[in-house]
Amino acid sequence: MAKAGGGMIWATAEDLARNRPVVLSLYRQILRALNSPALPLGHAARLAKKAECRAIFIFGAEERSLHNIRDLLDAARHTLGLLNRGRLP
């Protein structure tokens with residue numbers, strides 16, 4: 001575990017375990033939102049967006065910095081908000 005300025009910067013196993021349900025929930029919600037008929041996407045574009053989402057979450061699964069994990073979760077929540085309003089991120 002590394003420290004910077006008195007605060008922890010690397011995620012512990014407990015941090016990762018605590019974030020896992022949140023990450024899985026956001027991932028599922030984003031995939032469901034991409035299936036929405038309100039989005040102006042054809043079948044191929046919808047599949048491409050799902051593949052892009054999958055790649056981002058796979059990349060994020062390897063992240064160990066607490067700050068980067070927090071930023072990825074914030075970006076996922078923002079993306080979900082856009083999708084729920086019928087807009088593409």
Can you find a heavy atom in the side chain of P89 that is under 4.5 Å from one in the side chain of L83?
-> yes
Heavy atoms of P40 and G86 approach each other most closely as CD-O, 4.3 Å
Taking only residues two or more places apart in sequence or in another chain, which ones pass side chain to side chain contact (heavy atoms under 4.5 Å, CB included) with S25?
-> Q29
At their closest point, which heavy atom of A76 faces which heavy atom of L26, and how far apart are they?
-> CB-CD1, 4.0 Å
To the nearest 0.5 angstrom, please state how far the CG atom of L88 sits from the CG atom of L82.
-> 9.0 Å
Listed partners of R70 passing salt bridge (Lys or Arg N to Asp or Glu O under 4.0 Å), at least two apart | none
Report yes or no: do L47 and L41 belong to one cluster of Ile/Leu/Val/Met/Phe/Trp/Tyr joined by side chain heavy-atom distances under 4.5 Å?
-> no
ring-ring contact (aromatic ring centres under 6.0 Å, His included) pairs touching residues 33-54, sequence neighbours excluded, are none
Among residues two or more places apart or on two chains, list those pairs meeting salt bridge (charged side-chain N to carboxylate O under 4.0 Å, His left out) that have a residue in residues 56-65.
-> none
With sequence neighbours left out, what residues match R46 under salt bridge (Lys or Arg N to Asp or Glu O under 4.0 Å)?
-> none
Salt bridge (charged side-chain N to carboxylate O under 4.0 Å, His left out): which pairs involve residues 72-89, sequence neighbours left out?
-> D74-R77
What heavy-atom pair brings A33 and L80 nearest, and what distance separates the two atoms?
-> CB-CD1, 4.1 Å
Going only through I, L, V, M, F, W and Y residues with side-chain contacts under 4.5 Å, is there a path from L72 to L66?
-> no
Just jot down the side-chain hydrogen bond (donor to acceptor under 3.5 Å, both in side chains) partners of R32, sequence neighbours excluded, or say none.
-> none
Name every donor-acceptor pair, under 3.5 Å, that has one atom in a side chain of residues 48-60 and the other anywhere in the protein, sequence neighbours excluded.
| residue | atom | partner | partner atom | Å |
| --- | --- | --- | --- | --- |
| K50 | NZ | N35 | OD1 | 2.6 |
| R54 | NE | Y27 | OH | 3.3 |

Those residues at least two apart in sequence (or on a different chain) that pass side-chain hydrogen bond (donor to acceptor under 3.5 Å, both in side chains) with E14 are T12
